[in-house]
Structure formats: structure tokens, C-alpha cells
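Structure record follows, encoded as C-alpha cells.
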Amino acid sequence: MNLIVCVKQVIDPEAPPASFKIDPATNKATVQGAAPVIDPYGEYAVEASLKIKEAKGGKVTAVCLGTALQREVVKKPLSMGADDLVLLEDEAYVNGDTWSTASALAAAIKKIGAYDIILTGREASDTNAGQVGPAIAEILGIPCATIVKKIEILDGKARVERMVADGYEVIEIPLPCVLTITNELGEPRYPTIKGIMMAKRKEPIVWKPADLGVDAAKLGASGSRAKMAKLFQPVKEGKCEIIGGDTPEEAAAKLAMRLREAKVL
Amino acid sequence: MADNMGVLVFCEVTNGKLAGSAAEGLGIGKQLAASLGQELNAVLIGSGVNANADMVASLGAAKVYVADDPILKDYQTDPYIQVLQKVAAEMKPAILILGQSSVGRDLAPRIAFRLGSSATLDCIELAIDPAGKKLLMTKPVYGGNARAIFTSVTMPQVVTIRTKAMTPAQPDPSKKGQVIKVDAGLTPDSVKAKLVNKVAQQAEGVRLEDAAVVVCGGRGIGGAEGFKQLDELAKLLKGATGASRPPCDNGWLPQTQQIGLTGKIVAPELYIAIALSGSSQHMSGCSGSKTIVAINKDPEANIFREARFGVVGDWKKILPAFTAKVKELLAA
């Protein structure tokens with residue numbers, strides 16, 4: 001099995017909301033005092049690819065697109081057990097939309113050559129778009145299943161479980177295909193000491209647009225079909241009426257009475 | 001690009017009934033079509049969905065495109081794309097609206113890319129820019145910490161709308177639409193990713209999405225046992241029990257009861273948040289609630305910035321006394 005997993009370096013989504021700031025001049029978000037991380041859903045995708053490799057053998061190649069990619073961050077898939085890491089690291093790749101991002105990733109996937117399953121997270125924690133996986137499928141002309149929590153490899157196809165509102169669907173999808181992975185898969189493994197040592201020694205492969213043979217005008221902002229006009233933080237009113245009491249039980253009873261009075265109950 | 005005109009709403013049908021997103025899509029679609037001075041149309045896809053066409057017309061669609069085929073009985077990505085592609089080729093809409101459901105979030109990006117355009121998912125606000133007549137698409141990003149407004153360079157402008165974020169259209173039975181049959185030339189080979197089974201994991205009682213009262217617990221509940229106390233209050237208020245992500249990841253409650261950005265979006269009359277911090281990701285799933293009540297031992301918890309009423313303290317002491325008092329008040 002040739003497995004390709006797309007991951008992304010993002011600002012830490014678990015950082016306290018108070019540390020989250022937007023620079024209105026650049027429409028960019030930052031968090032103070034927290035290092036970037038591999039996008040959490042991307043880690044679930046790495047875990048899914050490693051599970052397939054364990055069951056069926058093969059090779060896992062992680063691909064990461066961005067700029068200022070911190071090696072200790074983006075090497076996490078390697079330390080978890082991935083075999084190779086390809087970085088698409090260039091100013092030309094960034095500030096794009098789903099389409100231009102997926103175009104670069106698809107070009108890299110074609111250059112890698114052999115692929116049976118391409119995995120991504122269900123959505124990144126920064127854009128919350130959930131579209132890079134489907135876009136790669138459209139570009140490569142292969143089927144796609146989204147929000148997948150379980151994968152079983154059969155002969156020439158995969159049987160996957162896709163989360164839906166009232167349970168899950170079982171889908172049989174021919175290979176090659178794209179799968180987007182959700183947290184219901186189960187917690188990603190921790191890197192082992194051996195994995196961390198291996199990752200330290202392994203140099204990632206870096207591909208520039210010229211290496212992919214892709215016109216830079218089709219990448220990043222210039223290749224985008226959607227433009228972000230504005231990024232802002234919604235204003236919160238924050239008018240909470242705190243109900244007190246001498247004991248927790250008294251406060252609880254007063255809360256019930258206050259809700260009755262306000263006709264909420 | 002100048003060829004694209006009008007608004008097309010994909011009206012999802014579940015178990016023979018129009019999904020809530022259909023009326024909500026037609027509600028906002030009507031406003032956008034009026035701003036553009038263009039037509040509002042709809043598309044129905046499924047098996048036996050012809051029966052829903054009159055209802056869709058009464059909600060304001062001038063033309064109702066209907067693809068009624070046994071192959072379309074359940075949602076499967078590939079044939080649904082094929083049908084929408086056919087309808088889009090015929091109508092050339094400027095705007096295509098879907099709901100942010102299991103179906104819409106899968107289908108919207110695929111059809112958008114297939115048509116040479118892009119999609120913006122989970123929109124909470126849609127408006128026409130008076131200057132350029134472009135669709136301004138507002139969606140939460142960074143797990144709800146921020147919002148972004150997008151415009152599309154390409155046509156059609158494809159969106160999904162967040163559940164209950166838009167005011168639904170009201171039916172007017174005197175309104176009749178033109179029903180147009182769609183033959184997308186489907187064959188069994190149209191299906192690439194094939195649905196082989198559906199497994200329901202629905203909790204008993206009131207559906208979370210339909211409940212007027214939701215009692216929601218977080219990590220602080222500590223285990224499955226604690227949620228029984230939440231169930232008791234929910235039952236008393238004829239509501240449903242939900243959870244933030246940690247209890248579901250820990251298996252205390254099924255994943256189908258998760259409320260938040262990647263779980264269910266609810267907008268009940270009353271939302272009682274117990275022992276949960278109120279992360280942006282979680283609030284994305286419940287911020288449309290009319291009244292939020294918080295019980296949390298940490299006075300600095302974000303949930304108190306979102307709630308209307310709150311009690312600071314240990315839920316294990318507060319909840320039993322609160323439930324007892326509610327029971328007494330309801331009996332009186």
C-alpha cells in the first residue's frame with residue numbers, strides 16, 4: 001500500500017482564547033506564547049495511515065505545505081512512524097484558498113507517483129474549511145469519502161465507516177481514493193523514542209514550484225478561486241448574571257427560581 | 001461569468017421529509033435572489049422525492065428541478081454530483097446553496113470544484129455586496145475564535161449554511177412552481193463510492209437537534225455515571241442530553257451526542273452547560289441558543305462570558321438541588 005498523508009502546520013488551537021489575536025492589516029491570526037503544532041485532524045490522518053500500513057504493509061509519505069515550517073513540528077509524522085516527509089515550502093504556495101493549496105498538493109502527489117490512498121484530516125483547525133481532500137480527489141479524478149472513522153482494506157477497495165448525524169455509513173470505495181479522517185478514529189499514537197531518533201536523522205525532501213513543474217500563477221493567492229475579504233473577532237456581550245447563595249444547594253434553588261421568573265422554565 | 005443568473009437551493013430530503021435546511025436555504029435564497037433581481041429555484045434529489053416538489057414550490061421556488069431515481073434513494077456522492085452538474089449546466093446559477101449537513105459538507109466542495117468554482121462551507125451570514133453584486137460569505141474560522149468574509153472569483157458561488165443560522169421560508173400553499181424533471185443519465189456505474197450499510201446510533205428520546213431544552217456536560221462530569229444525572233434533568237424538561245468533545249472521546253456518551261464545530265449544531269430555547277469550559281469549538285455548536293445557563297466551578301471559565309445566568313460551584317452539589325427545585329416548580 002502506498003499511502004500519502006497531508007498535514008498542516010497551524011497555530012495551536014488549544015491555546016487560551018485570550019491569547020488569540022488578529023492583525024487587521026494582514027488578515028492573519030496569531031496566538032501569543034504558544035508554538036505551532038501539526039493540525040490535530042491531520043494527526044488522526046497520520047494515525048489512520050499507520051494503521052493501514054500495520055495491517056497491509058507499505059509506505060507512508062507525509063506531505064506538508066506552508067512557509068516557516070518548523071522542522072521539529074512538521075517532523076511529527078516521521079516520529080510517529082511515517083517513512084518519508086515532503087515539504088512544499090515556498091512563499092508561492094501560501095495565502096491561497098483550498099483550490100490552489102490542493103493543486104500544489106495534487107502536483108506533489110503525482111510527482112511521488114504511486115498512491116493507493118491519500119489521507120487528510122476532516123478539516124484544519126485554522127480555516128475549518130474541510131475541502132482540501134475533496135479538491136485533491138477532483139483534481140486527480142478519483143473517488144473520495146469524507147469524515148471517515150474506520151478503514152478496512154479489501155481486494156482493490158477500502159471499506160470505510162463515515163460519520164453522519166445519526167450514526168455512521170459503511171461505504172465501499174475503489175482504490176486509489178481520498179479519505180478525510182475524523183477524531184472518532186481514536187487517539188493518534190505518541191511518538192516512540194526510536195521514532196523521535198529516526199525523525200531527527202531524516203532530512204525532509206523540499207520541493208519548490210519548479211520541482212513540481214507547476215506555474216506559480218496557479219499557486220497560492222494568484223491561483224485562488226476564493227478570496228478572504230476580512231478576518232475579525234466577533235464581539236461578545238458577556239452579561240452573565242451570577243446567582244449566589246450561602247450553600248451550593250441554595251444557589252441551585254435560587255437559579256431555578258430565577259429561571260422561572262425570567263420565564264425560561 | 002456574466003451568464004450565471006439566479007439562486008439554486010439544494011433541498012435535502014431525509015426519510016421522505018424535507019430537511020430543515022431546505023426551508024432555511026430557501027429563506028436566505030429568496031432574500032439574495034431579491035437583492036440580485038433574479039430567480040429563486042430549487043433542486044430535489046432522491047427516490048420518491050417528486051412528492052416534495054409542491055412543498056418546495058410553496059416555500060418560494062419558481063422552478064423545482066427533480067431527479068427521482070431509485071439509484072438516488074440514499075445519498076451517494078458520485079451520482080448526486082452528476083445530477084447537480086446536469087442541473088447547473090441547465091440553469092447556470094450564480095449562487096448554489098446547500099445545508100451544512102453530512103450530505104452538504106461532502107457534496108458542496110465536490111460540485112463546486114467540478115463546476116470550476118469553489119465553495120465556502122458553514123456560512124452563518126450571506127449578503128450581496130451592493131457594489132460588485134458578489135456574494136459575501138461569512139463563516140466561523142479558527143474553531144469559532146474568528147469569522148472570515150469570503151468572496152468567490154469564480155461562478156457559481158457555492159455555499160453551505162449552518163443549521164438554524166438562517167430564517168426559514170414560510171410555506172404559501174397558493175404558490176405553484178414549475179416542476180422540471182432531470183434525467184442525468186445515471187447508470188449503476190455512476191456510483192463509485194458505494195453505500196453498503198447504514199448504522200443508526202441515535203440516542204433514545206428527543207432528538208438533540210429538535211430539543212427545546214439541551215442539558216450539556218463537559219469533561220468535568222468525570223464519567224458516564226455522572227451523565228445519568230444530566231439525563232434526569234433533561235427528561236424532566238422534555239429535552240435532550242449532549243456533551244462537549246472530551247466526554248465523547250472518552251466514551252462516556254456516544255459521538256452522535258457531541259455538540260460543537262465537528263459535532264451537532266443546536267439552537268434550543270434553553271441550553272444548560274454543566275462542567276464545561278465553553279471552548280470556541282464547543283460554542284460554535286450552541287451559540288445560537290436563546291438562553292444559556294452555566295454551572296462551573298471556575299469563575300474564569302469562558303462559558304460565563306457566553307451565558308445569561310450562571311452559578312459558580314461544584315456541579316455535583318448544585319445539579320441535584322437544581323433538579324429538585326425545578327421538579328417542585330414544574331409541579332406547582
Side-chain angles (χ1 to χ4, degrees), chain A residues 13 17 20 22 29 97-99 122 125-131 134-135 138 143-147 163-174 177 182-184 224-234 236 238 240-243 248-249 251-253 255-260 264-265, chain B residues 77-78 101-102 105-106 109-110 113-114 117-122 136 140-143 145-154 192-202 249 255-256 261-262 264 270 280 291 293 302 304-305 307-314 317-318 321-322 325-326 329:
Chain A
F20 180 88
I22 288 167
D97 69 342
T98 305
W99 180 255
R122 62 178 283 180
S125 59
D126 51 1
T127 57
N128 299 129
Q131 299 193 50
E138 282 295 319
C144 174
T146 54
I147 318 190
M163 287 295 295
V164 295
D166 60 354
Y168 64 90
E169 297 173 344
V170 183
I171 293 170
E172 286 186 359
I173 184 165
C177 68
T182 185
N183 57 290
E184 285 85 356
S224 293
R225 292 174 173 181
K227 304 274 180 202
M228 190 196 285
K230 194 181 170 189
L231 182 67
F232 62 102
Q233 280 183 277
K236 279 178 196 154
C240 185
E241 185 180 325
I242 300 286
I243 316 277
E249 290 78 9
L255 173 66
M257 288 188 288
R258 182 71 185 93
L259 294 180
R260 185 65 161 189
V264 175
L265 278 181
Chain B
T77 312
D78 309 293
S101 61
S102 310
R105 69 202 330 165
D106 187 75
R110 294 293 297 280
F113 297 134
R114 189 71 59 94
S117 191
S118 75
T120 301
L121 270 56
D122 202 20
L136 301 173
V141 289
Y142 292 98
N145 272 320
R147 286 177 187 170
I149 304 176
F150 289 98
T151 58
S152 180
V153 181
T154 44
K192 306 278 188 292
K194 189 175 190 301
L195 178 74
V196 293
N197 195 13
K198 281 163 103 167
V199 181
Q201 292 178 312
Q202 194 61 259
D249 280 352
Q255 295 287 358
T256 45
L261 189 66
T262 54
K264 294 213 158 94
L270 174 59
S280 300
T291 304
V293 175
N302 188 57
F304 289 116
R305 294 205 284 163
R308 177 72 191 85
F309 301 100
V311 174
V312 179
D314 181 2
K317 295 201 172 96
I318 293 162
F322 179 70
K325 190 71 187 174
V326 169
L329 290 171

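Values in this document were obtained by computation on a predicted structure and should not be read as measured data. Computed from heavy atoms alone, side chains included, the values below leave out hydrogens, waters and symmetry copies. Chain letters run A, B, ... following the sequence lines, proteins first, then strands; residues in each count from 1.
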**Message:** Counting heavy-atom pairs under 4.5 Å with chain B, which one of A:Ile243, A:Asn183, A:Thr146, A:Thr127 comes out on top?
**Reply:** A:Asn183

**Message:** Tell me which of these, A:Pro234, A:Ala29, A:Pro13, A:Ser125, has more heavy-atom pairs under 4.5 Å with chain B than the rest.
**Reply:** A:Pro234

**Prompt:** Does any N or O in the side chain of A:Gln131 come within less than 3.5 Å of the main-chain N or O of B:Ala119, such that one atom is a donor and the other an acceptor?
**Reply:** yes

**Fill in**
To the nearest 0.5 Å, atom CG of A:Leu259 lies from atom CG of B:Leu270 at 6.5 Å

**Message:** Please classify the contact of B:Asn145 with chain A as side chain, backbone, both or neither, using a heavy-atom distance under 4.5 Å.
**Reply:** both

**Request:** Mind checking salt bridge (Lys or Arg N to Asp or Glu O under 4.0 Å) for A:Asp166 and listing every partner two or more places apart, or none if nothing turns up?
**Result:** none

**Prompt:** chain A: which of B:Ala321, B:Gly143, B:Ala193 shares the most heavy-atom pairs with it under 4.5 Å?
**Reply:** B:Ala193

**Asked** Quick one: are A:Asn128 and B:Leu261 in side-chain contact, heavy atoms under 4.5 Å?
**Response** yes

**Message:** Given heavy-atom pairs under 4.5 angstrom as the criterion, report whether the side chain, backbone, both or neither of A:Ser224 touches chain B.
**Reply:** backbone

**Message:** If you count heavy-atom pairs within less than 4.5 Å of chain A, which of B:Val199, B:Asn302, B:Ile318 leads?
**Reply:** B:Val199

**Prompt:** Tell me, do B:Lys325 and A:Arg260 make a side-chain contact under 4.5 Å, heavy atoms counted?
**Reply:** no

**Request:** With a 4.5 angstrom heavy-atom cut-off, could you sort out which part of A:Phe20 is near chain B: side chain, backbone, both or neither?
**Result:** side chain

**Asked** What distance do B:Ser102 atom OG and A:Met163 atom CE have between them, rounded to the nearest 0.5 Å?
**Response** 8.5 Å

**Asked** Which region of A:Leu255, side chain (C-beta onward) or backbone (N, CA, C, O), has a non-hydrogen atom less than 4.5 Å from a non-hydrogen atom of chain B, or is it both or neither?
**Response** both

**Asked** With respect to chain B, which residue among A:Arg122, A:Lys230, A:Glu138 yields the maximal number of heavy-atom pairs within a distance under 4.5 Å?
**Response** A:Glu138

**Request:** Let me know if B:Thr151 has heavy atoms under 4.5 Å from chain A in its side chain, its backbone, both or neither.
**Result:** both

**Fill in**
Applying salt bridge (Lys or Arg N to Asp or Glu O under 4.0 Å) to B:Lys317 and not counting sequence neighbours gives none

**Fill in**
Among B:Ala200, B:Gly313, B:Ser101, B:Ser117, the residue with the most heavy-atom pairs under 4.5 Å to chain A is B:Ser117

**A:Thr98 portion near chain B, given a 4.5 angstrom heavy-atom threshold** = side chain

**Message:** Shorter than 4.5 Å, heavy atoms on both sides: which option in A:Ile173, A:Asp97, A:Asp126 has the most such pairs with chain B?
**Reply:** A:Asp126

**Item:** Any donor-acceptor N/O pair, B:Lys264 side chain to A:Ala165 backbone, under 3.5 Å
**Value:** yes

**Message:** If you compare all heavy atoms of B:Pro109 against all heavy atoms of A:Gly130, which two are closest, and at what distance to 0.1 Å?
**Reply:** CG-O, 4.4 Å

**Request:** Pick whichever of A:Glu169, A:Glu249, A:Lys227, A:Gln233 has the most heavy-atom pairs under 4.5 Å with chain B.
**Result:** A:Lys227

**Asked** Counting heavy-atom pairs under 4.5 Å to chain A, which of B:Asp106, B:Leu121, B:Thr77 comes out on top?
**Response** B:Asp106

**Fill in**
Cut-off 4.5 Å, heavy atoms of chain B, and the answer for A:Ala135 is both

**Complete:** Counting heavy-atom pairs under 4.5 angstrom with chain A, the leader among B:Lys192, B:Lys198, B:Arg105, B:Arg114 is B:Arg114

**Message:** I want to check something: taking the side chain as every heavy atom from C-beta on, are A:Leu231 and B:Tyr142 in contact at a cut-off of under 4.5 Å?
**Reply:** yes

**Request:** Please look at B:Thr120 and chain A and tell me whether the side chain, the backbone, both or neither of the residue comes under 4.5 angstrom of a heavy atom of that chain.
**Result:** backbone

**Request:** Examine distances only and state if a side-chain atom of B:Thr256 and a backbone atom of A:Gly167 form a donor-acceptor pair shorter than 3.5 Å.
**Result:** no

**Prompt:** chain B heavy atoms under 4.5 Å from A:Cys144: which part of the residue, side chain, backbone, both or neither?
**Reply:** both

**Prompt:** Is chain A contacted by the side chain of B:Asp249, its backbone, both, or neither, given a heavy-atom distance below 4.5 Å?
**Reply:** side chain

